[in-house]
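Labels below follow one simple rule: chain letters A, B, ... track the order of the sequence lines, proteins then strands, and each chain is numbered from 1.
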Amino acid sequence: MTKKVILAASVLALFSSPVMLTKATADPADATLTIDGKEMTVKTAAPEGHPFDTLYSGWLYREPETRALEEDSFENPGMFGVEQGAELWSVVEGTAGKSCESCHAEPEVDMKGVGASFPKWDADAKRPINIELQIDKCREENMGAEPYKFDAAEQKALTAFIKHQSLGMPVKLDLSQGELQTWWDRGKELYYTRTGQLNLSCSNCHEDHNGQMIRADHLSQGQVNGFPTYRLKQSKLISLHNRFRGCVRDTRAEIPKAFSDDLMALETYVTWRGTGLSVETPAVRQ
Amino acid sequence: MASKPRVKLPKSASAGEIITIKTLISHEMESGQRKDKNGEVIPRQIINKFTVTFNDKTVFEADIEPAISSNPYFEFAVKVPESGTFKFTWVDDDGSVYETEEAIEVA
Amino acid sequence: MTSTLRALVLASGISAVALTGSAIANDVKPEAVAFSDAGGIETPVAAQAGSADAGKKILTDRGLGNCVACHQVSSLDAPFQGNVGPSLDGVADRYEPAMLRAIIVNPKKALYEGTIMPGFYTLDVGKHVREDLVGQTILSAQQVEDVVAYLQTLKE
Amino acid sequence: MQMNRRSVLGVFGGAATVAAIGLPVGLANATPEDTMAKIKEFAGDKEPQTGGKLTLNTPEIAENGNSVPVGVSVESAMEGDDMVEEIMILAEGNPNPDVVTFKFSELSGEAIAETRMRLAKTQDVVAVARMTNGDIHMAKAPVKVTIGGCGG
């Protein structure tokens, strides 16, 4: 055992210089992000108990051309989703003859801050609730409408629209609500759990190796403050749980269900890891 | 296919001023070069033509191929001689035509 | 027994004894791979000797090793090599074949538990492995030996 | 080989999903000869000039081949003989080299245009401009298209 430890240490020492060298060239960009005249917090001190000292938005890890797309909300194709959400707001659906607007007449005012403070504790369901699930809850309980299928275009558009009302506001969860802290703990455990044939945890890439490159992919801290995010790869809005599932799939593991207890716990914990960063929805990523 | 054109240009300009116009339209731009899960080629459906007129005179055009990205974006310049109306037209492979208009005031 | 195989068995010392009388032409099963006290794997895991040419392809093949996702090899014609892991240039000067093999087979055992590097010939993997991959390794025994053979050509 | 049906997905991702949208990988790509033929068709018997009158702006590295910004401009008075009629953009390494052709007018004021294009792989992008006096200007720029780590 001792031998192995020494060996590992010497291996690390042997390679430390080239690793340092390459890492220096792949640091997050030193740039400021202003959207529609609002300055975003893309770099901030981490909250107490966080493994990092400084939090960086994923925006800082992207190439200048990708960054430019998010900077200009006219050019940002994710804004099509926000516009679609704004239209859906007043569409009446369900047996109660209501739309979102029936209860929330001024989304720009009523929804401000919502996107910065979810997931919240849902005392009825005794589990965390995110924006997608809150929309479904409203649809079922108040509108008499069917919940959306996971990743329905309308679900992503409404979520993006709601979160966009908090553009620039710092992410801040109230973990004292209900049992949210317990779910945070569970999410933390999952964050460090290795899955799949490739045997990888979230932390392997986004904590241990952020700033470095996997092939041409510049690993970020895995912040979630910009979801739903317009991804160039799919050329459409991508939800947070879609991304969670994509990452887990890439470890060659069975893919957890969207909005399952595990992924709600993970959403709670990972959202906390971005405390203080601005809501950027809809962010633009590669 | 839901297509919503977005156009950005100044509300006013001085006579002979060169302004920049940006346009973006929501469209998948299916290239006709992809296959679905069953190995069948997904039929091409793109916006193949973009035309801009000012007071009914053509000022800028683009002949578009499948290599243009989803949600096509165009930015170009126009020298505005007088007050008038820009008309923007996108033509889809399926024959649909998407249009929008913007007026500009020349002082 | 082919002469290559005989050479391998002879070179592998104790393990050769274990192999004698059993199915000699078989690869070593992932659960049967033995690490030495020094952390290496002395015995090749495949019955056939590795091919450096085949190994070279595995390094850049996204469906197989995809080693350049994390490592650099200057002599390989593969753009955008990652830097999560160390450069493999001259790796043959730094490691004996037994150690190279061990790192590929299961770096968590050969190097340290916390490494991001997947084990390419081990069943000691993460949770909830995709159903169709349960009990399977990322690379075959032969592919591991091919990669070992290629890495041995990387001398400064 | 122990590869099974689904393991073509690959370590760290989806070789199979690389072409999730946009241009496929693996389909026969255009050749520089195809591109030369297109230029010939566009230019007629005029020899393209590469003196720098036409500017082609592309990123050195495109983070995602699905959306690569490309801008073209030509120094020109945009009136009379000194006017740009058309600028054609070609991508040598795509399945088909055609990308877009911009048509200008006297009301353009400036021969400048920008769009976003798909590039199937690392390749040269070519822009060719035809002036009202028949002159042809050309510019070429290499673009490195990245290879994704996770999921292509």
If you count every heavy atom of other residues, nucleotides or ligands that lies below 6.0 Å from [X] atom [atom1], does the total exceed 12?
X: B:Asp36; atom1: CG; value: yes
X: B:Lys49; atom1: NZ; value: yes
X: D:Lys53; atom1: NZ; value: yes

Considering non-hydrogen atoms only, spot the tightest contact between [X] and [Y] and give its length.
X: B:Ala67; Y: D:Asn94; value: CB-ND2, 3.8 Å
X: D:Ser108; Y: B:Val59; value: OG-O, 3.3 Å
X: B:Gln33; Y: D:Pro95; value: NE2-CB, 3.8 Å
X: D:Asn66; Y: B:Ser69; value: O-OG, 2.8 Å

Measuring from [X]:[atom1] to [Y]:[atom2], what's the distance to the nearest 0.5 Å?
X: D:Glu114; Y: B:Lys22; atom1: CD; atom2: NZ; answer: 8.0 Å
X: D:Arg116; Y: B:Leu24; atom1: CZ; atom2: CG; answer: 8.5 Å
X: D:Ile112; Y: B:Glu75; atom1: CD1; atom2: CD; answer: 7.5 Å

Take D:Val99 and B:Glu65, measure what side chain to side chain contact (heavy atoms under 4.5 Å, CB included) needs, and give me the verdict at the end.
CA-CA 5 Å; D:Val99 176; B:Glu65 302 291 338; 5.6 Å; no
Using modelled atom types and a 3.5 Å cut-off, is there a donor and acceptor pairing between side-chain atoms of D:Ser105 and backbone atoms of B:Phe60?
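It does not hold such a pair.
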Polar side-chain atom of D:Thr115 near backbone of B:Tyr73 as donor-acceptor pair, under 3.5 Å
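Here the side-chain-to-backbone pair exists.
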Tell me yes or no: between the side chains of B:Ser70 and D:Arg118, is some donor less than 3.5 Å from an acceptor?
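Their side chains do contain a donor-acceptor pair, which is all the 3.5 Å distance test asks for.
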Proximity breakdown for B:Ile18 and chain D, heavy-atom pairs closer than 4.5 Å:
side chain
Is it the side chain or the backbone of B:Thr58 that comes within 4.5 Å of chain D heavy atoms, both, or neither?
backbone
Does any part of the side chain of D:Phe104, heavy atoms only, come nearer than 4.5 Å to the side chain of B:Phe76, both counted from C-beta?
no
Tell me, out of B:Ile64, B:Val78, B:Ile68, B:Val52, who's got the most heavy-atom pairs with chain D below 4.5 Å.
B:Ile68
